[in-house]
Novice: 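The structure under discussion is supplied below as structure tokens; questions concerning it will follow.
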Amino acid sequence: MTSATAPAKNVNKFERFKAEKDGLALKDELDYFAKIGWEAIDEIDRDARLKWLGLFYRTVTPGKFMMRMRTANGILPSSHMRVYAEVVQRYGDEGNADITTRQNMQLRGIRIEDVPDIFRRFHQYGMTSIQTGMDNVRNVTGSPLAGLEADELIDTRGLCRAVQDMITGMGKGNPQFTNLPRKFNIAIAGCRDNSVHAETNDLAFIPAYKEEGEHQIGFNIIVGGMFSPKRYIEAIPLNAWVPPEDVVDVCEAVLLVFRNHGLRANRQKSRLMYLIDEWGVEKFREEVEKQLGHSLEPAAKKDEVNWDKRDHIGVLKQKQPGLNYVGLHVPIGRLYAEEMFEIARIADVYGSGEIRLTVEQNLLIPNIPDSRMEAFLKEPVLQERFTINPDNVSRWLVSCTGSQFCGFALIETKNRALAMIKALEAELTLPKPVRIHWTGCPNSCGQPQVADIGLMGTKGRKNGKVVEATDIWMGGKVGKDAHLGERIMQGIPCEDLMPVLRNLLIENFGAQPRQSEYYKPPIAMAEIEGENSDE
Ligand code: SRM
Ligand code: SF4
């Protein structure tokens, strides 16, 4: 089955509209849409099918779209960052960009009238936003230090790019993979610290030697990881080992099995893990082998993920003598045009023009020679916005989009997360960083289940009124022996959250009140709410 074919019986409305018209068909209608304007576009085309081209209509900001790009392995040249900056700049205060939890970029404020022009520009630069939403494969994540670190096991750059090219038909769009039963996440880890959260992906590759004694490096495969409002589950072993050169074929085979056999009746039960539940992992493996046309080798007994996860912030040596990469902390992943131009500029002036993104929504600039480091570290954008030495309280802060732009959100996240972290930072010191993740609803785009402290948006009640609230998750472990956390509290009104977070940090993570000369009184919640409503 390829896209736009007759839907099977008992399918949901998404299956019906996919069968009526493939989202990729809208490529030919963009000029027309630009002419008629957003209000005249057929609703299913506007709200759903345009996501096949990476255009997400935002009901929260009528008339404006979000554009989700593809950034294989999270790597982009400065020229792409400059194009993104030019795109969001034209929308003034309404335009900005975010680094996402899949090592990727999203642009905001886009008007449909400008899309044909923006796409022509993307085409000139070899950039693409194709197949990034709805029932497509998301950005392919890889180790952010690929090719830079001496302890690397496999350089994932080429693999992530080759998988992306296969899925998207070299960025032009590939109808083979535009009618999956549901979204699909792929991650390829070549490092020792599982920098991609492999366990949360539908399909992930983890470095492993084929035999004891370090004979041949390749990957163990895990499958079926997912977060959804109904279920949060880690990927399970497929009991398969592959050499790097087989990764693209395995991705293709797994996707074809999912496409052809995945469950399509209930959209809440369509992710890959539900097919594995139904078949059992043995049968799933056999079907993948049939699709591949050969058998898979059994998994290596142990994998090579044996380090704690690193945050990649600060100045660190590369394997190339005399070169360094510098990790910049980007609070809640938010970027504005001027800063994006600055990042592109400093990547060109001091590095090789390359920029890398992390799943923690931060960025790295690699290839900076020792001799240029002093001048680099004095750059105003590092002093004023993107520090290389963030406080332990805010260092690992991650947040999803939230109600500022996302129609699913039950609460405001990014701005609130930032205001609260500043208030906590003013009050407390931490002996080591604590990973705090915010997500605006149970879809879990901000991955609260992997965090030390995860905050998930919900609705609660206070004084008889419905208020914005969060459930609290704790105990997520990343890096070696990664596992998901658990929900420990429910429905805490956001306005009562500060003392709860303060106590959790003191009781569980050794936080101490700041010395009196540094002590700043906590920001009153009323003030925080006020800040949010201005945004
Ligand atoms: Fe997500 C839907 C944002 C990573 C699980 N996600 C959405 C939408 C598209 C909903 C919408 O149309 O408004 C959000 C767009 C809001 C906006 O304007 O930005 C959205 N998801 C995001 C991002 C931007 C969060 C962020 O701030 O970084 C991440 C974009 C990644 C990318 O570059 O492609 C993002 N989403 C995730 C992750 C994390 C991950 O991949 O590691 C998850 C959980 C993992 C997973 O998918 O299993 C995730 N997003 C969802 C779900 C729940 C899926 C499910 O099976 O139920 C939805 C809703 C859906 O698909 O029905 C969703
Ligand atoms: Fe939107 Fe919910 Fe995802 Fe946050 S978790 S971006 S609120 S869908």
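Counting convention: from 1, in listed order, for ligands and their atoms alike. Please read all numbers here as calculations on a predicted model, not as lab measurements.
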Novice: Just distances here: any N/O of Arg271 and N/O of ligand 1 closer than 3.5 Å?
Specialist: yes
Novice: Are Tyr232 and Trp473, when compared by the centres of their aromatic rings, separated by less than 6.0 Å?
Specialist: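 Under 6.0 Å, so yes.
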Novice: Measure centre to centre between the rings of Phe65 and Phe56, then say whether the value is under 6.0 Å.
Specialist: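 No, they do not, as the ring centres are separated by 6.0 Å or more.
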Novice: Which atoms from ligand 1 have a heavy atom of Phe408 less than 4.0 Å away?
Specialist: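 Here the atoms of ligand 1 in question are 10 (C), 11 (C), 13 (O).
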Novice: Between Phe14 and Phe17, does the ring centroid distance fall short of 6.0 Å?
Specialist: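 Between Phe17 and Phe14, which both carry aromatic rings, the centre distance is below 6.0 Å.
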Novice: Which option wins on minimum heavy-atom distance to atom 60 (C) of ligand 1: Gln449, Arg231, Arg182?
Specialist: Arg182
Novice: Just by modelled atom types, is the Ala265 backbone N or O under 3.5 Å from a matching donor or acceptor in the Arg267 side chain?
Specialist: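 No, because the side chain of Arg267 does not come within donor-acceptor range (under 3.5 Å) of the backbone of Ala265.
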Novice: Report, in ascending order of atom number, the atoms of ligand 1 lying under 4.0 Å from any heavy atom of Met226.
Specialist: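 Answer for ligand 1: 48 (O).
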Novice: Measuring from the heavy atoms of Ser399, does anything fall under 4.0 Å of ligand 1?
Specialist: yes
Novice: Looking at atom 35 (C) of ligand 1, what's its closest protein heavy atom, distance included?
Specialist: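 I find the closest protein heavy atom is Cys445 CB, 3.6 Å.
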Novice: Could you tell me whether Arg108 approaches ligand 1 through its side chain, its backbone, both or neither, with non-hydrogen atoms closer than 4.0 Å?
Specialist: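 The answer is the side chain of Arg108.
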Novice: Which word best sums up how the rings of Phe122 and Tyr84 line up, parallel for under 30°, tilted for 30 to 60°, or perpendicular for over 60°?
Specialist: perpendicular
Novice: So, Asn194 and Glu199: side-chain donor and acceptor under 3.5 Å apart, yes or no?
Specialist: yes
Novice: With side-chain hydrogen bond (donor to acceptor under 3.5 Å, both in side chains) as the rule and sequence neighbours excluded, what pairs involving residues 484-494 come up?
Specialist: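 Non-adjacent pairs meeting side-chain hydrogen bond (donor to acceptor under 3.5 Å, both in side chains): Asp471-Arg487.
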Novice: Quick check against the 3.5 Å criterion: does Arg356 have a side-chain atom that pairs as donor or acceptor with the backbone of Pro144?
Specialist: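 Judged by distance alone, yes, a pair lies under 3.5 Å.
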Novice: Pair Asp391, Arg395 - check salt bridge (charged side-chain N to carboxylate O under 4.0 Å, His left out), show working.
Specialist: CA-CA 6 Å; Asp391 189 275; Arg395 194 173 176 106; over 6 Å; no
Novice: Against heavy atoms of Gln106, which atoms of ligand 1 measure under 4.0 Å?
Specialist: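 By the 4.0 Å cutoff, the relevant atoms are 17 (C), 19 (O), 24 (C), 30 (C).
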Novice: Find all atoms of ligand 1 within a distance of less than 4.0 Å from any non-hydrogen atom belonging to Cys400, and give their numbers and elements.
Specialist: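 Answer for ligand 1: 26 (C), 27 (O).
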Novice: How close does the nearest protein non-hydrogen atom get to atom 8 (C) of ligand 1, and which residue and atom is it?
Specialist: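 The answer is Arg68 NH2, 4.4 Å.
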Novice: What's the shortest distance from atom 42 (O) of ligand 1 to any protein heavy atom, and which residue and atom give it?
Specialist: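 Result for atom 42 (O) of ligand 1: Gln447 NE2, 3.0 Å.
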Novice: Any sub-3.5 Å donor-acceptor pair from Arg416's side-chain atoms to Ile411's backbone N or O?
Specialist: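 Not at all, since once roles are kept as given, no pair shorter than 3.5 Å links the two residues.
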Novice: Within ligand 1, which atoms have a heavy atom of Ser444 less than 4.0 Å away?
Specialist: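 Counting atoms of ligand 1 from 1, those under 4.0 Å from Ser444 are 43 (C), 44 (C).
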Novice: Return all protein N, O or S atoms below 2.8 Å from atom 4 (Fe) of ligand 2, chain by chain in residue order.
Specialist: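 Metal shell, protein only: Cys400 SG.
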Novice: What part of Met66 sits under 4.0 Å from ligand 1 if we count only heavy atoms: the side chain, the backbone, both or neither?
Specialist: side chain
Novice: Check Leu357, Asn185, Val359 against Arg102 for a side-chain contact (heavy atoms from CB on, under 4.5 Å) and give me the one that passes.
Specialist: Asn185
Novice: Tell me the protein heavy atom at minimum distance from atom 53 (C) of ligand 1, and give that distance in Å.
Specialist: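 The protein heavy atom lying closest is Asn443 OD1, 3.5 Å.
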Novice: Report, in ascending order of atom number, the atoms of ligand 1 lying under 4.0 Å from any heavy atom of Cys406.
Specialist: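 Checking each atom against Cys406, I get 13 (O), 16 (C).
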Novice: How are the rings of Phe184 and Phe258 set relative to one another: parallel (under 30°), tilted (30 to 60°) or perpendicular (over 60°)?
Specialist: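 Ring orientation of Phe184 relative to Phe258: tilted.
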Novice: Can you sort out which atoms of ligand 1 are near Asn185, meaning under 4.0 Å from one of its heavy atoms?
Specialist: 41 (O), 45 (C), 46 (C), 47 (O), 48 (O)
Novice: Evaluating non-hydrogen atoms only, which member of Asn104, Thr101, Thr413 is closest to atom 28 (O) of ligand 1?
Specialist: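 Ranked by closest heavy atom to atom 28 (O) of ligand 1, first place is Thr101.
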Novice: Identify, by atom number and element, the atoms of ligand 1 in contact range of Lys51, meaning under 4.0 Å from any of its heavy atoms.
Specialist: 12 (O)
Novice: Quick one: nearest non-hydrogen protein atom to atom 33 (O) of ligand 1, plus distance?
Specialist: Thr100 OG1, 2.8 Å
Novice: Where the closest heavy atom to atom 26 (C) of ligand 1 is concerned, which of Gln361, Arg102, Lys269, His197 has it?
Specialist: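 It is Gln361 that holds the nearest heavy atom.
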Novice: Quick one about Arg70 and Gln164 (side-chain donor to acceptor, distance below 3.5 Å, no hydrogens or angles considered), yes or no?
Specialist: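 Gln164 vs Arg70: no donor-acceptor pair found between side chains.
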Novice: Say whether Gly133 and ligand 1 are in contact under the criterion: heavy-atom distance to a ligand atom below 4.0 Å.
Specialist: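 No.
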Novice: Considering distance alone, does some N or O of Lys183 sit under 3.5 Å from an N or O of ligand 1?
Specialist: yes
Novice: Counting only heavy atoms, which portion of Arg267 has something under 4.0 Å from ligand 1: side chain, backbone, both, or neither?
Specialist: neither
Novice: Considering only protein heavy atoms, which is closest to atom 11 (C) of ligand 1, and at what distance to one decimal place?
Specialist: Arg58 NH2, 3.4 Å
Novice: Distance-only, no hydrogens or angles: does the Glu113 side chain make a donor-acceptor pair with backbone N or O of Gly37 under 3.5 Å?
Specialist: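 Here the side-chain-to-backbone pair does not exist.
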Novice: Do Thr132 side-chain atoms and Ile130 backbone N/O form a donor-acceptor pair below 3.5 Å?
Specialist: no
Novice: Side chain to side chain donor-acceptor pair (under 3.5 Å) for Gln103 and Thr141? Distances and angles first, verdict last.
Specialist: CA-CA 6 Å; Gln103 229 180 8; Thr141 57; 4.8 Å; no
Novice: Under 4.0 Å from ligand 1, counting heavy atoms only, is it the side chain of Ser228, its backbone, both or neither?
Specialist: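 Looking at Ser228 and ligand 1, atoms from backbone and side chain both fall under 4.0 Å.
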Novice: Are Arg58 and Phe405 in a cation-pi setup, meaning NZ or CZ lies under 6.0 angstrom from the ring centre and within 45 degrees of the ring axis?
Specialist: no
Novice: Is a side-chain donor-acceptor pair under 3.5 Å present for Asn104 with Thr71?
Specialist: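 Yes, because at least one side-chain N or O of Thr71 sits under 3.5 Å from a partner of the opposite role on Asn104.
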